[in-house]
Amino acid sequence: MVRKTKFWVILFSALFVLSLGAFLILWSVRGTGAVTARIWLDEEIVEEINLSTVAVPYEFDVATELGTNRVRVEHGGISVVSADCPDQTCVRMGRISGSFQTIACIPHRLVIDIVTEDDA
């Protein structure tokens, strides 16, 4: 009985060590590319910001005839911190920092998305 238990302990320990090693290898090579935020107005890119190089957070306004959005840029992420639109959905979306994440302010026709070097 002791030999069977010892066999299973060794087998599961070896599987754990192998899976941990595979996880660490995959984790270390992921997401090393640049992260760029694209700001769109009326389906046209008006600005691209390399979020990987931002050292000091800053804010700026995106103003159109439809309204104004206050955008906060940080290292690795971007968010809309205030807007004069009625629903405030863009503000509630919070900070985005990775591919396939988007902030949209439909009343102002503003879209912010993220692309990484790895997506290309």
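Every heavy atom of this structure was used, including side-chain atoms; hydrogens, water molecules and symmetry mates were not.
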- Message: Check whether Asn50 reaches the backbone of Ser52 with its side chain - one donor and one acceptor, N or O, closer than 3.5 Å.
- Response: yes

- Sorted by chain and number, sequence neighbours left out, side-chain hydrogen bond (donor to acceptor under 3.5 Å, both in side chains) with Arg38 holds for Asp113

- Atom pair CG (Leu11) and CZ (Phe16), whose distance is rounded to the nearest 0.5 Å: 14.0 Å

- Task: May I ask whether Leu66 and Val80 are part of the same hydrophobic cluster, defined by side-chain heavy atoms of I, L, V, M, F, W, Y residues being less than 4.5 angstrom apart, directly or through others?
- Result: no

- Separation between OG1 (Thr64) and CG (Asp42), nearest 0.5 Å, reads 7.5 Å

- Between Val54 and Val56, what is the shortest heavy-atom contact and its length? CG1-O, 3.5 Å

- Here the pair of heavy atoms bringing Gly76 nearest to Ser97 is O-CB, 3.0 Å

- Task: Identify the heavy atoms of Ala83 and Asn69 that sit nearest to each other, and give their distance.
- Result: CB-ND2, 3.4 Å

- Message: Using every non-hydrogen atom in the two residues, find where Ile114 and Gly98 come nearest and quote the distance to one decimal.
- Response: CB-O, 3.4 Å

- Message: According to salt bridge (charged side-chain N to carboxylate O under 4.0 Å, His left out), who are the partners of Arg95, at least two apart in sequence or on a separate chain?
- Response: Glu74

- Co-membership, hydrophobic cluster, residues Leu41 and Ile106, 4.5 Å side-chain: no

- Query: Mind checking whether Ile103 and Phe60 sit in one hydrophobic cluster, side chains of I, L, V, M, F, W, Y counted as touching below 4.5 Å?
  - Reply: yes

- Query: Who else is in Trp40's hydrophobic cluster (ILVMFWY, side-chain heavy atoms under 4.5 Å, direct or via others)?
  - Reply: Ile45, Val111

- Grab the two heavy atoms, one from Ala55 and one from Pro57, that are nearest each other, plus how far apart they are. O-CD, 4.1 Å

- Query: From His75 NE2 over to Thr53 OG1, what is the distance, rounded to the nearest 0.5 angstrom?
  - Reply: 8.5 Å

- Which value, rounded to the nearest 0.5 Å, describes the distance between Leu51 atom CG and Ile78 atom CD1? 6.0 Å

- Task: Give a yes or no on whether Leu18 and Phe12 share a hydrophobic cluster (residues Ile, Leu, Val, Met, Phe, Trp, Tyr; joining criterion: side-chain heavy atoms under 4.5 Å apart).
- Result: no

- Rounded to the nearest 0.5 angstrom, the CG-CD1 distance for Leu110 and Ile112 is 4.5 Å

- Query: What's the verdict on side-chain contact (heavy atoms from CB on, under 4.5 Å) for Phe100 and Thr116, showing C-alpha distance, side-chain angles and the deciding distance?
  - Reply: CA-CA 10 Å; Phe100 308 112; Thr116 63; over 6 Å; no

- Checking side-chain contact (heavy atoms from CB on, under 4.5 Å) for the pair Val71/Val81: CA distance, chi angles, key distance, verdict? CA-CA 6 Å; Val71 177; Val81 293; over 6 Å; no

- side chain to side chain contact (heavy atoms under 4.5 Å, CB included) involving Val9 - partner list, sequence neighbours excluded: Thr5, Ser13

- Any pair counted as salt bridge (charged side-chain N to carboxylate O under 4.0 Å, His left out), so long as it reaches residues 44-59, sequence neighbours left out: Glu59-Arg70, Glu59-Arg72

- Identify, with sequence neighbours excluded, every residue that meets salt bridge (charged side-chain N to carboxylate O under 4.0 Å, His left out) alongside Asp84. none

- Can you find a pair of side-chain heavy atoms, one from Thr89 and one from Cys105, that are under 4.5 Å apart? no

- Message: Rounded to the nearest 0.5 Å, what separates atom CE in Met93 from atom OG in Ser79?
- Response: 12.5 Å

